[in-house]
Structure formats: structure tokens, C-alpha cells
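These numbers come from the heavy atoms of this one structure, side chains and all, not from hydrogens, waters or symmetry mates. Atoms within a ligand are numbered from 1 in the order they appear, just like the ligands themselves.
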Amino acid sequence: MKLITGAGGLIGSTLKGDIIINGRSDLDLRNTEETFKFFKEKSPDTVIHTAAKVGGLGANMAYMSDFYIDNVLINSNVLEASRRSGVKKLISLLSTCIFPDNVEYPLTEFKVQEGEPHDSYLDYAYAKRVLVVRCRAIFNQHGLRYQCVIPTNVYGPNDNFSLTDGHVLPSLIHKCYLAKRSNKDFVVWGTGKPLREFIYSKDVGRLVDSLLLCEHSFDSLILSNSVEMPISHVAEEISRCMGFKGSIVYDKSKPDGQHRKPTSNARLKKILPNFDFTPFEEGLSETVDWFIRNYESCRK
Ligand code: GDP
């Protein structure tokens with residue numbers, strides 16, 4: 001029996017499970033007692049933990065304290081409930097913003113705790129690092145090898161397309177859509193120069209499924225194609241997919257955040273050497289089409 005937390009979200013919606021926790025209305029994972037009770041009743045043997053309070057640069061900076069406490073509670077409860085109810089295999093989803101700001105690139109699995117995260121994600125990063133520490137502690141005390149995977153910037157259908165609180169790619173898709181509709185400029189935050197590595201949500205789902213089947217006993221694993229691109233390229237590609245012919249304008253009064261966070265996918269390549277990543281243009285085009293088709297009902 002496989003349980004998925006956050007099944008209604010960006011990554012969770014790409015996964016298939018027997019027991020589904022879509023969101024807070026199904027089960028509030030911040031509530032310890034209810035979470036323990038639920039896991040005991042359902043008794044899953046496998047858990048994919050994708051649930052988190054998430055947001056882009058804007059949301060992290062605005063709600064830092066909420067992001068910290070909600071994610072620490074969710075992560076502590078899910079891991080302890082899993083352990084107590086006899087879960088054998090657990091994979092938690094993290095994010096590359098957990099890495100130190102001041103670190104030698106590329107990022108590798110060994111560097112998670114080598115320094116302070118970037119100021120803009122202090123809350124979220126530390127709350128997610130809790131997962132790495134808890135997994136290690138559970139292994140040391142109970143011999144259970146619960147695992148953490150760390151995808152780079154994930155995008156795809158079912159994301160939060162909020163103009164203010166979303167991650168860069170969904171926010172820009174929404175902004176470009178509105179700019180086209182009202183014949184206005186397409187305004188992008190910052191200089192457009194920061195670099196990011198993007199991974200399609202369906203690739204993350206396929207990777208997690210493959211990892212469940214393989215017997216490698218890694219503790220944490222970066223999920224990345226190791227292809228960096230500037231935000232300006234992302235904005236241009238969105239314009240192309242959307243058929244937007246107006247101007248792209250960079251609002252330099254808005255923050256750039258971390259300049260880059262390139263990753264090494266050496267460990268992933270060793271474990272799954274034949275994995276084929278979806279080309280960025282293809283994943284983006286599917287995501288833009290999905291957004292246009294679901295404009296009225298999607299999270300925004
Ligand atoms: P990060 O990759 O974890 O830093 O988070 P984001 O997905 O929010 O990406 C932030 C980067 O995209 C920064 O360099 C921002 O300046 C840039 N960016 C450009 N426009 C936007 C936007 O509309 N929303 C967000 N969140 N970031 C934007």
C-alpha cells in the first residue's frame with residue numbers, strides 16, 4: 001500500500017498511490033495526533049512525502065515564520081508517523097534552496113549542511129533540512145533507511161500560478177498570459193540574469209517511481225539534468241509558447257534572489273544511468289497549454 005502526501009500538488013499529482021492525501025482538507029499533517037492516527041489506521045508500507053507549504057521568492061519572504069513552523073510540523077509528523085506505523089520505504093521531496101548560499105559549485109548531496117541557506121529561504125530551507133537530519137537519526141536509531149530526493153526547480157501542470165506567491169515559471173506563464181490578453185508589457189522580476197535548472201514534474205514522478213523499484217540505499221539524491229538557463233531565456237520561451245509578440249521588460253526594483261545554484265547529477269546518473277529527461281521546450285509547451293485550458297479553475 002503506497003501513500004502519497006500532497007497528492008493534489010505539482011509533484012504529487014504525477015504519482016499514483018493507494019492512499020491519497022490531497023491537501024489539508026483530507027488531513028492536516030501539522031496535527032500530530034491526527035497524523036499518527038491516520039497512518040496507524042491505513043498502515044501503508046510505502047510513503048511518498050511531497051506535502052509542504054511552498055511558494056516562490058515573494059511568498060517565502062512575506063511569510064517566513066509560517067513557512068518554517070508549518071513545514072517543521074508536517075515533516076516531523078510524517079516521518080514519525082511512518083516509523084511508528086511500520087512504513088518500510090519512504091521518499092521525501094526536498095528542494096535545492098536548502099543548500100548553503102556560500103558554497104563551492106556544483107552542489108552535491110554532501111553539501112546540504114555546509115553553511116547557511118540564502119536569506120530569502122532561511123525558513124523553508126531549515127524546515128526541509130529537518131528531513132535530512134530526521135532520516136539520519138531514524139537510520140541510526142532504528143536502522144530504517146528513509147530517503148530524501150532533492151529536485152531542482154520543478155515546473156508543470158497543477159502548480160500554483162499566483163502572480164505574487166508562485167515560483168518563477170508558473171508566475172511568468174500567468175503574467176505573460178495576462179500581458180497578451182491586455183496588450184501590455186510582460187514584466188519579469190529582477191535582471192533576468194540569475195540561472196536556474198528546471199525539471200519537469202512528470203520527470204520527477206517517473207524518477208521517484210524508478211527509485212522505489214531499485215535497491216540503492218542512498219540517503220539523499222539530487223534529481224537534476226544539470227542544465228542551467230537564465231531567467232531571461234525562460235521568459236522568452238514562455239512568450240514563444242504563448243504566442244506573445246509584445247515587449248519583455250525587466251523590473252530591477254524586484255529581487256534577483258540567489259544568482260545560481262548549479263547541481264551535480266553524478267549520483268543520479270550512477271543509480272539510473274538510462275533516464276531520459278523531457279526537453280525543456282516540450283515540458284514548457286505542455287505546461288502552458290495546461291494553464292490556458294485550466295485558467296478558470298487552476299491555483300492562482
Ligand atoms: P528560487 O529558484 O528558489 O530562487 O525561486 P523562484 O522560482 O521564485 O525563482 C526566483 C528567480 O526568478 C529570481 O531570480 C527572480 O528574480 C526571478 N523571477 C522573475 N520573475 C519572477 C516572478 O514573477 N516570480 C518569481 N517568483 N520569481 C521571478
Can you name the side-chain contact (heavy atoms from CB on, under 4.5 Å) partners of Ser220, sequence neighbours left out?
Glu109, Cys148, Ile150, Arg267

Using a strict 4.0 Å threshold on nitrogen-to-oxygen distance, state whether Arg240 and Glu281 make a salt bridge.
no

Answer with yes or no after comparing the ring centroid distance for Phe277 and Phe275 against a 6.0 Å cut-off, counting only values under it.
yes

Could you please provide the protein residues found below 4.0 Å of ligand 1 on a heavy-atom basis, arranged by chain and number?
Gly56, Leu57, Tyr121, Asn153, Gly166, His167, Val168, Ser171, Leu172, Lys175, Val188, Trp189, Pro194, Arg196, Ile231, Pro255, Asp256, Lys261

Check whether the ring centres of Tyr295 and Tyr177 lie less than 6.0 Å apart, and answer yes or no.
yes

Check the angle between the aromatic planes of Phe198 and Tyr155 and answer parallel, tilted or perpendicular using the 30° and 60° thresholds.
perpendicular

Cation over ring face, Arg260 and Tyr105, 6.0 Å, 45°:
yes

